[in-house]
Q: 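Can you read through this structure? Questions will come right after.
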Amino acid sequence: MTGPESGEVGEVLTFECSSGNSNPAANLSWVVDRRNVEANYTTTEQSEHGGFLTSSNISVVLLDTTRYKMINCYANNLALGEHSSFHASHRVTVIYPPDTLIVSGYRRGEVLLEGSVIRLKCSVMTGNPLPKLVWFRGSKEVEEQSTDELLDEDKNQLSVSSEISVTVDRNENGKKYKCKAEIEGKKKKYYDDLTEKVKLLVNFLPETVDITVTPEKLVENKVANLTCTSKP
């Protein structure tokens with residue numbers, strides 16, 4: 001059986017299946033993702049060595065977002081007994097971009113206290129292949145970030161995530177963190193329309209409190225101004 005190894009959603013893929021020389025001619029049938037599929041055509045021709053050669057062709061439209069499609073071609077020749085059956089399998093990887101990122105660890109509008117520690121986690125569960133996730137503080141990539149992945153029983157990725165730890169201080173107030181998804185095979189290139197942003201809000205105490213008096217020398221029954229000033 002011949003056919004492409006991968007394809008994008010919306011693409012039409014064509015697969016060809018041919019049997020070896022047999023007599024009588026083999027009957028070919030197709031199963032795609034455990035469903036019977038009608039062939040575009042099936043042809044049978046005589047072999048120069050005697051017997052017959054059979055070939056068949058199908059087209060598969062990649063409309064959904066399953067990560068893989070299993071294509072099976074079965075050759076049966078019931079005239080030779082119930083066990084005279086052979087088959088070939090072909091797996092196709094369906095390529096499509098992720099559609100959303102999920103950020104946890106901080107609620108929009110939440111006010112943090114200076115000195116606290118938060119962990120921001122960015123996850124993605126769609127797309128094939130799943131992208132690498134990268135955190136940025138402003139426009140600069142965060143140096144220390146841990147990555148994790150969830151696998152199914154066949155070791156296929158179900159989700160990937162990237163996590164950073166932020167020790168909150170007054171410099172983090174109003175600071176923006178961004179999680180971006182890297183385009184497969186293009187290092188440091190990211191999906192423009194796939195970014196999740198977090199803006200931190202921090203409460204903090206003033207570092208100093210000063211009191212000034214005007215005039216410097218106070219006189220009985222004269223008005224004096226006392227000003228209290230705090231500095232962040």
Side-chain angles (χ1 to χ4, degrees), residues 1-102 123-133 148-161 181-187 189-194:
M1 181 168 56
T2 59
E5 298 290 337
S6 63
E8 298 182 355
V9 172
E11 189 175 356
V12 180
L13 305 182
T14 300
F15 300 89
E16 187 84 22
C17 182
S18 300
S19 71
N21 188 23
S22 67
N23 188 33
N27 178 51
L28 299 182
S29 59
W30 292 92
V31 175
V32 178
D33 290 341
R34 300 182 182 181
R35 293 179 179 272
N36 291 318
V37 175
E38 291 293 329
N40 294 331
Y41 67 82
T42 299
T43 61
T44 301
E45 58 183 29
Q46 284 190 324
S47 169
E48 61 183 14
H49 303 293
F52 299 90
L53 300 175
T54 305
S55 62
S56 184
N57 171 292
I58 63 167
S59 297
V60 176
V61 183
L62 305 181
L63 292 179
D64 54 18
T65 52
T66 56
R67 293 178 175 175
Y68 305 99
K69 277 195 170 295
M70 286 301 301
I71 316 296
N72 290 280
C73 177
Y74 293 86
N76 299 292
N77 201 324
L78 297 180
L80 301 179
E82 60 180 11
H83 298 296
S84 58
S85 176
F86 302 90
H87 89 281
S89 296
H90 190 84
R91 190 173 86 156
V92 178
T93 300
V94 184
I95 299 173
Y96 56 95
D99 55 20
T100 185
L101 306 181
I102 301 172
S123 304
V124 61
M125 290 169 280
T126 58
N128 193 36
L130 290 172
K132 176 184 176 183
L133 301 178
D148 192 19
E149 61 181 6
L150 179 65
L151 305 178
D152 63 17
E153 58 185 11
D154 296 322
K155 305 300 181 182
N156 297 312
Q157 286 182 319
L158 295 176
S159 68
V160 296
S161 62
E182 191 173 274
I183 299 175
E184 175 68 18
K186 298 181 179 180
K187 191 173 182 180
K189 297 292 185 180
Y190 305 94
Y191 293 99
D192 292 333
D193 58 346
L194 200 65

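Any value given below was found using the heavy atoms of this structure, including those in side chains, with hydrogens, waters and symmetry copies removed.
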Q: Distance-only criterion, 3.5 Å: show the donor-acceptor pairs between side-chain atoms of residues 3-11 and protein atoms not counting sequence neighbours.
A:
from	atom 1	to	atom 2	distance (Å)
E11	OE1	E8	N	2.9

Q: Measuring from atom OH of Y41 to atom CG of N57, what distance do you get when rounded to the nearest 0.5 angstrom?
A: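 If I round to the nearest 0.5 Å, the distance is 4.0 Å.
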Q: Ignoring hydrogens and geometry, is there a side-chain-to-backbone donor-acceptor pair from D33 to M70 under 3.5 Å?
A: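 Yes; judged by distance alone, with no hydrogens or angles, the pair exists.
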Q: What pair of heavy atoms forms the shortest contact from V124 to L130, and how long is it?
A: O-CD2, 4.3 Å
Q: So which atom in V94 and which in N128 form the shortest heavy-atom distance, rounded to 0.1 Å?
A: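 Minimum heavy-atom separation between V94 and N128: O-ND2, 2.7 Å.
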Q: Looking only at heavy atoms, which two atoms of V61 and V12 are closest? And how far apart?
A: CG2-CG2, 3.9 Å
Q: Taking CG in D152 as the centre, count heavy atoms belonging to other residues, nucleotides or ligands within less than 6.0 Å. Is the count above 12?
A: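 Yes.
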Q: Of all the heavy-atom pairs spanning T54 and A25, show the shortest one and how long it is.
A: OG1-CB, 3.9 Å
Q: Should Y68 and N156 count as side-chain neighbours, where that means a heavy-atom distance under 4.5 Å?
A: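 In short, these two side chains touch, coming nearer than 4.5 Å.
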Q: Under a 4.5 Å cut-off applied to non-hydrogen side-chain atoms, are V92 and V60 in contact?
A: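 No, their side chains stay 4.5 Å or more apart.
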Q: Are the side chains of N77 and P24 in contact, using a 4.5 Å heavy-atom criterion?
A: yes
Q: Y191 and I183: which non-hydrogen atoms are nearest, and at how many Å?
A: N-CG1, 3.8 Å
Q: Atom CE of M1 and atom CG of N72: how far apart are they, to the nearest 0.5 Å?
A: 6.5 Å
Q: How about L133 and E182: do any of their side-chain heavy atoms sit closer than 4.5 Å?
A: no
Q: Any side-chain heavy atom of W30 sitting closer than 4.5 Å to one from E38?
A: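 A side-chain contact under 4.5 Å is absent here.
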Q: Measuring only between side-chain heavy atoms, which start at C-beta, is I102 closer than 4.5 Å to M125?
A: yes
Q: Between atom CG of L150 and atom OG of S161, what is the distance when rounded to the nearest 0.5 Å?
A: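 Taking CG in L150 and OG in S161, the distance rounds to 9.0 Å.
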Q: For residues 12-67, which residue pairs pass the disulfide (SG to SG under 2.5 Å) check, not counting sequence neighbours?
A: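 Sorted result for residues 12-67: C17-C73.
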Q: For residues S19 and L53, report the shortest heavy-atom separation together with the two atoms involved.
A: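 Of all heavy-atom pairs spanning S19 and L53, the closest is O-CD2, 3.9 Å.
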Q: Does a sphere of radius 6.0 Å around NZ in K69 hold more than 12 heavy atoms from other residues, nucleotides or ligands, not counting ones at 6.0 Å or beyond?
A: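 Counting neighbours around NZ of K69, more than 12 heavy atoms of other residues, nucleotides or ligands fall under 6.0 Å, so yes.
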Q: Report the C-alpha separation of I58 and I71 in whole Å, then their side-chain angles, then the decisive distance to 0.1 Å, and conclude whether the side chain to side chain contact (heavy atoms under 4.5 Å, CB included) test is met.
A: CA-CA 10 Å; I58 63 167; I71 316 296; 4.2 Å; yes
Q: For the CZ atom of R67 and the CG atom of L158, what is their distance to the nearest 0.5 Å?
A: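 Interatomic distance, R67 CZ to L158 CG, rounded to 0.5 Å: 6.5 Å.
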Q: Going through the checks in order, is the side-chain hydrogen bond (donor to acceptor under 3.5 Å, both in side chains) test met by S56 and T42?
A: CA-CA 4 Å; S56 184; T42 299; 3.1 Å; yes
Q: Taking the side chain as every heavy atom from C-beta outward, state whether N76 and S29 have any atom pair closer than 4.5 Å.
A: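 Side-chain contact under 4.5 Å: yes.
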Q: Considering residues at least two apart in sequence or located in another chain, which fulfil the side chain to side chain donor-acceptor pair (under 3.5 Å) criterion with N21?
A: none
